[in-house]
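Remarks on the structure that follows.
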Number of protein chains: 2
Amino acid sequence: MTHFASGITLATTANLIGDVARANILCALTGGRALTAGELALHAGVSASTTSGHLSKLLDAGLVTVVKQGRHRYFRLSGPRVADMLETLMGAADLGPTRHRPVGPRDEALRRARSCYDHMAGRFAVDLAERLQAGGFVVLSDEGGTVTEAGSALFGALGIEFQTDKANRRPLCRCCLDWSERRFHIGGRLGAALFAHAEREKWVVRVSGSRALRVTRAGETALAGGLVGSAPVALPQTRRRNVRVSA
Amino acid sequence: MTHFASGITLATTANLIGDVARANILCALTGGRALTAGELALHAGVSASTTSGHLSKLLDAGLVTVVKQGRHRYFRLSGPRVADMLETLMGAADLGPTRHRPVGPRDEALRRARSCYDHMAGRFAVDLAERLQAGGFVVLSDEGGTVTEAGSALFGALGIEFQTDKANRRPLCRCCLDWSERRFHIGGRLGAALFAHAEREKWVVRVSGSRALRVTRAGETALAGGLVGSAPVALPQTRRRNVRVSA
DNA sequence: CCACTGCTTCGGCGCCAGCCGAAGTGTCCG
DNA sequence: CGGACACTTCGGCTGGCGCCGAAGCAGTGG
């Protein structure tokens, strides 16, 4: 009778994500690193053959990409937009009257700090965002965020660089509603650059086989000082590596 | 083996939307108006009893709300966040290499102008957004939008009022990537206010039984003048108010 | 009181989507 | 070469879920 097309579009995408095995695969990839089909099978909790089928569907839909290397096939999310969509969907899980059921103590590590494709999430990321805001380095609002002049100076001094390419459609500083904390953390190009910096400086280290991040003492210190404490001196540009913020 | 909880969370939500009948129901509700169970059955293309089952699931999940009136039950999306999520999901449909297949001529009316819960979308909305931006009334960026002082003046003169309540978590001006046009339109509180104004001034009228909007001659005129034509105010070009670092 | 309408609940049916194991392809290694 | 490994394809099985029609339950109106 009416616009069925939209409904079908919606349903096919959602249906793809709506299978537990595929959802687990996507969640695993939300960690941001490329994983082999075998590893994904473990995460999904199903056999290799079944996983293979799922992966080809995800490929067809363009949600993931693959690169072949020797006898392995490495899978990735096809981009930050996909990761954002997934987190949106997660966040919408308990829009309902279901009272704010914390996700269970088993996920404590995840709630503390985790990677979200190419930026950080969890308590650590939320705290960091608030510190930066309190220091006047960024202005976070519901509709997004902007970097102040003081922020530009700070990030420059720290050697945190993000593409300023205006043509790049990707937000500089996207405010993600944190799935576990229900407060904002920093995504977008700035979020990616912050994550890269945090890994370089060993503020956080990845926990193998999980999205979880372990916050080091250096990380605690940096957070407590709102990043400023960790760079009392303007460090020479030794770190001007290719920062590679997404592509 | 690993964080299954997230995967299940993700899957249950997505699975709910992943059924064609339910997706059609949600799409219909994206029109923004409350509909009865019977009307939704028509939109979904399934029997009343089946529809009833779907609706109770959507209720349980908190995606829709219901209000009982006489022997009718009126259903609504439970909030703008749900609508945003649905459009996000729609937009992600063709992230893949599938070439930008236009949604088919049958949906021409929808592509032209439609309602998106409480704001407008489609070519009309996109054009309007660009007009407003060109006139210096709003600044639209990937990470959101802001209303300039000139914009505040214009909207005030037009009698367009939006809640300025800062405590309100809802974005003032959210940039939605238009699903059909793949350009930005204006959502958030400003988007809602613009839609209300457009309806009041009969720039657009709802097409019954559809999300589609018909653009009237008054609407064309208003658009051509960037809204200003209908309220000839002398506006100082006080742009560049907003600090935008990524410039 | 009864007839009509809108909606939900129930029982039963049928299909499809996901699952697995076995066999097939391609790659690396000794 | 032959064997180990990573992954895909194929065939067959099964359970769940979406579907419907019939019956039950309000609310409305004569």
Side-chain angles (χ1 to χ4, degrees), chain A residues 1 4 7-29 33-61 63-76 209, chain B residues 1 4 7-29 33-76 208-209:
Chain A
M1 152 138 321
F4 279 135
I8 291 179
T9 303
L10 184 58
T12 49
T13 311
N15 199 11
L16 204 65
I17 310 174
D19 173 81
V20 180
R22 281 193 295 261
N24 277 325
I25 289 174
L26 291 170
C27 275
L29 290 176
R33 282 193 296 194
L35 299 174
T36 68
E39 291 168 326
L40 290 173
L42 285 180
H43 280 90
V46 293
S47 78
S49 59
T50 303
T51 304
S52 178
H54 286 316
L55 288 173
S56 65
K57 287 184 187 177
L58 293 174
L59 275 174
D60 284 349
L63 292 183
V64 303
T65 59
V66 69
V67 46
K68 199 172 173 180
Q69 219 167 83
R71 50 184 167 182
H72 296 277
R73 294 182 78 199
Y74 286 92
F75 292 86
R76 285 185 165 283
Chain B
M1 152 136 329
F4 280 134
I8 291 179
T9 303
L10 184 59
T12 48
T13 311
N15 199 16
L16 204 65
I17 310 173
D19 173 81
V20 180
R22 283 193 294 262
N24 277 324
I25 289 175
L26 291 170
C27 275
L29 290 176
R33 282 193 297 195
L35 300 174
T36 69
E39 291 168 324
L40 289 173
L42 286 180
H43 280 90
V46 295
S47 78
S49 58
T50 303
T51 303
S52 179
H54 286 316
L55 287 173
S56 65
K57 288 183 187 178
L58 292 174
L59 276 175
D60 285 348
L63 292 183
V64 303
T65 59
V66 68
V67 46
K68 201 172 172 179
Q69 220 169 79
R71 51 182 166 182
H72 295 277
R73 294 182 78 198
Y74 285 92
F75 292 86
R76 284 185 164 284
S208 73

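The sequence lines fix the lettering, A, B, ..., with proteins before strands; numbering per chain opens at 1. Just so it is clear, the structure is predicted and the values come from calculations on it, not from any experiment.
Put simply, CG on B:Leu40 is 14 Å from P on C:dG6, counting in whole angstrom units. Rounded to whole Å, the distance from CG on A:Leu35 to P on D:dA6 is 15 Å. When the C1' atom of D:dG27 is taken as reference, atom CD of B:Gln69 falls 13 Å away, rounded to whole Å. One atom, CG of B:Leu55, and another, C1' of D:dG18, lie 14 Å apart when rounded to the nearest Å. Nucleotide D:dC7 holds its C1' atom 13 Å from the CD atom of A:Glu39, rounded to whole Å. Per the geometry, CG belonging to B:Leu59 stands 11 Å off P belonging to C:dT9, to the nearest Å. In this structure, the CD1 atom of A:Ile25 is 14 Å from the C1' atom of D:dC7, given to the nearest Å. In this structure, the CG atom of B:Asp19 is 11 Å from the P atom of D:dC17, given to the nearest Å.
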Exercise. Where do A:Ser47 and A:Thr50 land on the side-chain hydrogen bond (donor to acceptor under 3.5 Å, both in side chains) test, with the steps shown first?
Worked result: CA-CA 5 Å; A:Ser47 78; A:Thr50 303; 3.1 Å; yes
For this session: Verify side chain to side chain contact (heavy atoms under 4.5 Å, CB included) between A:Leu40 and A:Phe75, making sure each step is shown before the conclusion.
Result: CA-CA 9 Å; A:Leu40 290 173; A:Phe75 292 86; 3.9 Å; yes
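Comparing A:Gly53 and B:Val46 against DNA chain D, the residue whose closest nucleotide sits nearer the 5' end is A:Gly53. Between A:Ala48 and A:Gly70, the residue anchored closer to the 5' end of DNA chain C is A:Ala48, taking for each the nucleotide with the nearest heavy atom. The residue among A:Asn15 and A:Ser49 whose nearest nucleotide of DNA chain C lies closer to the 5′ end is A:Asn15.
In this structure, the nucleotide among C:dC20, D:dC7, D:dG18 sitting nearest to the side chain of B:Lys57 is D:dG18. Set against C:dT9, D:dC7, C:dG6, the side chain of A:Arg73 has D:dC7 as its closest nucleotide.
Between B:Thr50 and D:dC19 there is no side-chain N or O to OP1 or OP2 distance below 4.0 Å. The phosphate of C:dT25 has neither OP1 nor OP2 within less than 4.0 Å of any side-chain N or O from A:Arg71. Distances shown here put a side-chain N or O of A:His54 below 4.0 Å from the OP1 or OP2 atom of C:dC19.
For the pair A:Thr12 (side chain) and A:Ile8 (backbone), a donor-acceptor distance under 3.5 Å is present.
Looking only at side-chain heavy atoms (C-beta outward), A:Val64 and A:Leu26 come within less than 4.5 Å of each other. Looking only at side-chain heavy atoms (C-beta outward), B:Ile17 and B:Arg22 stay at 4.5 Å or farther from each other.
Within 4.0 Å (heavy atoms only), A:Ser56 reaches no atom of the nucleic acid at all.
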